[in-house]
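Here is the structure we will look at, set down as structure tokens.
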Amino acid sequence: MHLHDIHVMNWGFVSDRNVFRDSGQLITGLFLPQMASVLVPVAYIIIVFGSLFIFSYFYRKQAASRIPEPYFTSHPERNTYVTLLQKTDPPTPEVILKSALVRRAIADVLRVMRIREDKPALQNLVQKGSVGDDLLNSLLAAEKEMEAEIIEVMNEANSFVEGWGPIIFPTANEMIANEKMRAIFEQTGDRRTELERRYGRKAQNTPNIAPITVTMTPSNSVPRAAPQANEQTVENAATSDAESQSKSGKKRK
Amino acid sequence: MSHSHSHAPGESHSHSHGPPQPQPLPTADPALLAVIEADFRPISVIVAADNTTLLCEPHKQEKCPTCNLDYVHLNRLSKILAQNPNLKAPPPGNVISKNLSQAVNNTKEEGNAFYKMHKHKEALGRYTMAASIAVQRPPWESNQLMREELSTVLSNRSASYFESEDYISALADAETVIAIRRNWSKGHFRKARSLVGLGKLDEAVEALQVGLAFEPNNAELGAYLEDIQKMSKEGQQS
């Protein structure tokens, strides 16, 4: 047994080099002896890059077919418009359909503005590597969808009145600004109470005329008047009556 | 000629009838249209009996927090359209209603007259009326007009409050003016004045500096700034 061990050890030590030489001869023996030294690295390169290309091809196909997450949640104005359009008993009056279309245009304009604001910021973040590009893909997909949506809205507008299509989006812009100003004005009362709280003083002479939220309908101004009805409220209602009647007569100047 | 068309999801169609349109609009990419159609969720809404208002289906309300729906603006617009049947669609922004501007101007002038006579209660009433008329402008008109009218009226109202020593209301109005028309020096001026009335000289200085950032060479603001700084120095010395 003792002798065997030594024998085995010797055999193991010597055979390493022998094994190398044997396997090398095995591989090169497959090819022609003259081209052996060139083909081996070439074959290696082909195998490695080939597998890389095949993998990337399949990966890109898979990545392209993955649908990005929607950037915006559902579009309520669009849903309202289509719902109204689909009503057939009784069919919705045209004034409501037109108003719903204008609201849809307004929502689209707001979305486009948001996309335009978010895009460079998001591109910056993705460039710096802070965020994965899933969000950017969602944004780009949403951008494309908005283009189709805008064309769709313009076509719908044209279907109501010839030539309305190109006008509806500038109209939407104006309405957005108008609504913003109105909201600011109507919040003046809240701002006043907030300032009262902040500076610890009370305002005097608060105007007793409640903001009129519905235009040109005389009956609506009265219910919204403040409880302390004084001559100012009545005057206001009377004047707005007169104004509304004369306004509706001479609207299109 | 009115027409109603039902539009089932999945269909895209171009509308052309009668005389040909001068400039045919492009039709959208059908793949994207399909995405839009797929996104559709019907909303439960009903038309009220007066045929001009939308209400939410279960609660019959214009503005329903439970359904998360707000039809106030839509109904306002449809009421305007219903009351003007010759108005087929909101016209472009340069079509304005002249007598609205006149009404606002007249009421404002009346307010100014009261202001000069130091009858501030009446002046305030006039100014508030002018403001509510100005706000009733049809929303599709160029917003520059409403911006100017409203800011002028509110600025005068702020001055009137200041004269009646109601500095809080003056400040509220001045802040509204600034929110509507940021680069107008008068708004910042009024805010600074009301803050001085409240005794907050530092905040007044800040307000004037903000105003000067918008209009660097404004003489009025600059002069007032110097006045305040003089006042605060005197206050510190005494």
Side-chain angles (χ1 to χ4, degrees), chain A residues 74 79-80 82-83 85-86 88 91-96 98-100 102-103 144-145 148-149 151-152 154-155 158-159 161 164-165 167 170-171 174-175 177-178 181-182 184-185 188 191-192 195-196 199 201 203-205 207 209 212 214-217 232 236 239 243 246-248 250-251 253, chain B residues 2 4 6-7 14-15 25-26 28-29 32-33 35-36 40-43 45 47 51-52 54 74 76-84 87-90 92-93 97-100 103 124-125 128-129 132-133 135-136 139-140 142-143 146-147 150 164 166 168-169 171-172 175-176 179-180 198:
Chain A
S74 71
N79 292 341
T80 311
V82 180
T83 312
L85 212 48
Q86 287 177 341
T88 40
T92 38
E94 261 200 36
V95 285
I96 296 193
K98 290 179 193 168
S99 313
V102 171
R103 299 298 307 168
K144 287 190 100 67
E145 198 191 307
E149 162 82 4
I151 296 177
E152 176 79 6
M154 285 175 82
N155 283 330
N158 273 338
S159 77
V161 180
W164 190 25
I167 305 178
T171 304
E174 301 287 347
M175 287 187 69
N178 187 299
M181 278 193 275
R182 239 184 133 120
I184 291 177
F185 173 67
T188 309
R191 204 170 286 127
R192 190 178 294 131
L195 289 172
E196 279 180 7
Y199 291 110
R201 292 212 207 169
Q204 312 119 24
N205 291 345
I209 301 171
I212 297 179
V214 179
T215 62
M216 299 200 210
T217 315
Q232 286 174 335
N236 191 36
T239 326
E243 291 318 319
S246 61
K247 255 186 294 201
S248 48
K250 301 183 199 170
K251 267 236 52 145
K253 273 280 166 100
Chain B
S2 64
S4 61
S6 49
H7 179 108
S14 61
H15 297 87
L25 289 173
D29 182 16
L32 292 168
L33 277 180
V35 172
I36 293 178
F40 168 63
R41 307 262 172 287
I43 289 202
V45 63
V47 181
N51 267 355
T52 48
L54 282 183
L74 202 158
R76 199 186 288 164
L77 186 60
S78 80
K79 283 197 177 74
I80 299 180
L81 286 177
Q83 283 166 349
N84 294 299
L87 204 60
K88 282 185 283 183
S97 43
K98 292 208 179 99
N99 31 352
L100 189 109
L124 287 172
T128 312
M129 206 191 312
S132 39
I133 298 177
V135 173
Q136 286 184 28
W140 55 78
S142 166
N143 56 73
M146 179 166 150
R147 199 183 298 269
L150 198 56
S164 12
D166 183 359
I168 293 283
S169 308
L171 185 56
E175 289 195 346
T176 309
I180 296 178
L198 285 171

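On a predicted model such as this, the values are computed, not experimentally measured, just so you know. Below, chains carry the letters A, B, ... as their sequence lines are ordered, and counting in each starts from 1.
Between A:Glu174 and B:Ser142 the shortest side-chain heavy-atom distance falls below 4.5 Å. Counting only heavy atoms from C-beta outward, the side chains of A:Val102 and B:Trp140 never approach each other to under 4.5 Å.
Both the backbone and the side chain of A:Leu195 have a heavy atom closer than 4.5 Å to some heavy atom of chain B. Only the side chain of B:Leu150 has a heavy atom closer than 4.5 Å to any heavy atom of chain A. Looking at A:Pro170, there are no atoms closer than 4.5 Å to chain B (heavy atoms on both sides), in backbone or side chain.
A distance of 10.0 Å separates NZ of B:Lys79 from OG of A:Ser99, quoted to the nearest 0.5 Å. Between the CD atom of A:Glu196 and the OG atom of B:Ser169 there is a distance of 7.0 Å, given to the nearest 0.5 Å. Taking CE of B:Met146 as the reference point, atom CE of A:Met181 lies at 4.5 Å (rounded to 0.5 Å).
Of all the heavy atoms in A:Arg182 and B:Gln136, the pair that sits closest is NH1-CA, 4.3 Å. Heavy-atom minimum distance, B:Thr176 versus A:Phe185: CG2-CA, 4.1 Å. The nearest pair of heavy atoms linking A:Lys98 to B:Leu81 is CB-CD1, 4.2 Å. Heavy-atom minimum distance, B:Asn143 versus A:Asn178: CB-N, 4.4 Å. The two residues B:Arg147 and A:Ala177 have their closest heavy-atom pair at NH2-CB, 4.3 Å.
A distance-only check finds no donor-acceptor pair linking the side chain of A:Arg192 to the backbone of B:Ile168 [under 3.5 Å].
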